[in-house]
Protein chains: 2
Amino acid sequence: MPGTLPVTAYVVLGLVSVRPTTGHDLAAFAERSIGQFFSLTRSHVYSELDRLCRLGLLDVTEVQQERFPTKRLYEITGDGAEALASWLDDSALRGERQRNLFLVRVFFGDRMSPARLEALLDSYEQATRARRDLLAATVERLSGRPQSTFRAATAMFGLAQAQASLDWVDQVRPLLLGARCADPDQC
Amino acid sequence: MPGTLPVTAYVVLGLVSVRPTTGHDLAAFAERSIGQFFSLTRSHVYSELDRLCRLGLLDVTEVQQERFPTKRLYEITGDGAEALASWLDDSALRGERQRNLFLVRVFFGDRMSPARLEALLDSYEQATRARRDLLAATVERLSGRPQSTFRAATAMFGLAQAQASLDWVDQVRPLLLGARCADPDQC
DNA sequence: TTTGACATGTAAGCCGTTACATGATTTA
DNA sequence: TAAATCATGTAACGGCTTACATGTCAAA
């Protein structure tokens, strides 16, 4: 029971546990499903699959195909399922404060020109609005499907965060742009 | 003008630009100020300060002290200020989708026992509530200080996110815990 | 004819974390 | 006497990303 595997290994293990897949397929599935809150490159997928096999947490079988190249089909083993379960049950989920580069820029906002600061807020708002609309559509699509409850919940989380971000932009824009104004005639 | 320095270098540069500091002091200041959305270890601070010096973006002077060890005081150079400004103005702020391990666990929630899932939500709610209260106090403290507008804005962002997270927990808890119930007598 | 889906990897390299290492001074 | 503040780093290591490398088949 190595509790010391990197997070990505457990994530890959979890994705394989949904259904047996190939590296190619898993990378695409990851992007579609957990892509909003966990990034995973194809390269990394392949190396993690390899490691998990060597550890006996996954089994692999080569499958010949007529029209496509031979593929390697991975499936979870008993040990793998156990390792996944114990990771999921591990209460030691620590802080994991995550970096937010947008906020870093806002923090240093007094070093930007007002025009540039406004552009920063505008582009953030635009990107966030797009994200919100995308997630709203996803929630719409998944709602009502009882088998997609957990997936829907993660989309709802993203939706709530995006909406809160947009509300925040509306709230702070006047404060931030007003704060920069050194010219009394403008204020 | 290397636009290719790691993000951490620019963050350190930005923090030094606030006022000349030592590595020790800067690490503490980083924790206090941007710690909520950017992590920075002491080790890393020292190595980045060193690099920025070698690149001519910072100047260092050794200062002897009576009661304390000699310290190295760093301050930003003209080139450094220029590099910082051009990084802040760089519109190519890309997606930077950040990992959220809590959401990963929720995504795999159907692999947990209902009791464990509930415990996960409870501990998340508790941690988030603590975070919200902390940030609310910070916002309270910074509000009204005109020189702290940008810093207050970042705290308000965290506060808005935390509140949205709490609302989300209330919203999805019944869905997630109800979804697991396979026993008709329990539902 | 070119794009896209299918399919699998290797190699290089920096970034960032954790652990290690040291030592004086003040305060509880 | 123990802990906290002040002060500076080195060493090791793995994680993760980027770029490189290859090839078939179907559809536009």
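Reminder, nothing fancy here: chain letters follow the sequence lines and each chain counts from 1. Heavy atoms only: backbone and side chains are in, while hydrogens, waters and symmetry mates are out.
For Q65(B), whose side chain is taken as the heavy atoms from C-beta onward, the closest listed nucleotide among dT17(D), dG16(C), dA7(D) is dA7(D). Across dG16(C), dA7(D), dT17(C), the shortest atom-to-atom separation from the side chain of T41(B) is found for dT17(C). Looking at the side chain of Y46(B), the nearest of the listed nucleotides dA19(D), dG9(D), dG15(D) is dG9(D). The nucleotide whose nearest atom lies closest to any side-chain atom of Y74(A) is, among dG16(C), dG9(C), dG9(D), dG9(C). Among dG15(D), dA19(C), dT18(D), the nucleotide with an atom closest to any side-chain atom of S43(B) is dA19(C). Closest to the side chain of R72(A), from the set dG9(C), dC15(C), dA7(C), is dG9(C). Here the side chain of K71(A) is nearest to one of dT17(C), dA7(C), dA7(D), namely dA7(C).
Atom CG of D50(B) and atom P of dA11(D) are 13 Å apart (whole Å). Rounded to an integer number of Å, the gap from R99(B) CZ to dG16(C) C1' is 12 Å. Separating the CD atom of E48(A) from the P atom of dT17(D) is a distance of 11 Å, rounded to the nearest angstrom. Taking atom CG of residue L5(A) and atom C1' of nucleotide dC16(D), one finds them 16 Å apart after rounding to whole Å. One can place NE2 of H44(A) at 15 Å from C1' of dA12(C), the figure rounded to the nearest angstrom. If you take CG of L49(B) and P of dT10(D), they are 12 Å apart, rounded to a whole angstrom. Atom CD in E62(A) sits roughly 13 Å away from atom C1' in dG9(C) (whole-Å rounding).
In this structure, R105(A) does not pair ionically with D90(B), as no charged nitrogen and carboxylate oxygen lie closer than 4.0 Å. Under 4.0 Å is where a charged nitrogen must lie from a carboxylate oxygen, and between R54(A) and D50(A) at least one such pair does. With respect to the salt-bridge test (charged N to carboxylate O, under 4.0 angstrom), the residues E118(B) and R173(B) do not qualify.
Between the side chain of W168(B) and the backbone N or O of A153(A) there is at least one donor-acceptor pair closer than 3.5 Å.
Within residues 22-40 of chain B, the residues approached by DNA chain D to less than 4.0 Å at the level of any non-hydrogen atom are T22(B), G23(B), H24(B), in residue-number order.
Taking the six-membered ring where the residue is Trp, Y124(B) and F102(B) present parallel rings, their angle staying beneath 30° rather than reaching 60°.
Mapping R42(A) and A9(B) onto DNA chain C via the closest heavy atom, the residue that lands nearer the 5' end is R42(A).
Phosphate proximity of dA7(C) to T70(A): absent, as no side-chain N or O sits under 4.0 Å from OP1 or OP2. Here R51(A) reaches the OP1 or OP2 of dG15(D): one of its side-chain N or O atoms lies under 4.0 Å away.
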Report each atom pair, protein N/O against N/O of nucleotides 22-27 of chain D, whose distance is under 3.5 angstrom.
{"unit_1": "dA26(D)", "atom_1": "OP1", "unit_2": "R67(A)", "atom_2": "NH1", "d": "2.9"}

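Using modelled atom types, one finds a donor on one side chain and an acceptor on the other under 3.5 Å when comparing R111(A) with S17(B).
Residues that satisfy the ring pair (Phe, Tyr, Trp, His ring centres under 6.0 Å) test with F107(A), not counting sequence neighbours, are absent from this structure.
In this structure, R19(B) satisfies the cation-pi test against F29(B), with its NZ or CZ atom closer than 6.0 Å to the six-membered ring centre and inside 45 degrees of the ring normal.
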Next on the checklist: Pair D167(A), Q163(A) - check side-chain hydrogen bond (donor to acceptor under 3.5 Å, both in side chains), show working.
Outcome noted: CA-CA 6 Å; D167(A) 294 343; Q163(A) 188 56 57; 3.2 Å; yes
Checklist entry - Would S165(B) and Q161(A) count as a side-chain hydrogen bond (donor to acceptor under 3.5 Å, both in side chains) if you check the C-alpha gap in whole Å, the side-chain angles of each, and the deciding distance to 0.1 Å? => result CA-CA 7 Å; S165(B) 300; Q161(A) 298 283 307; 2.9 Å; yes
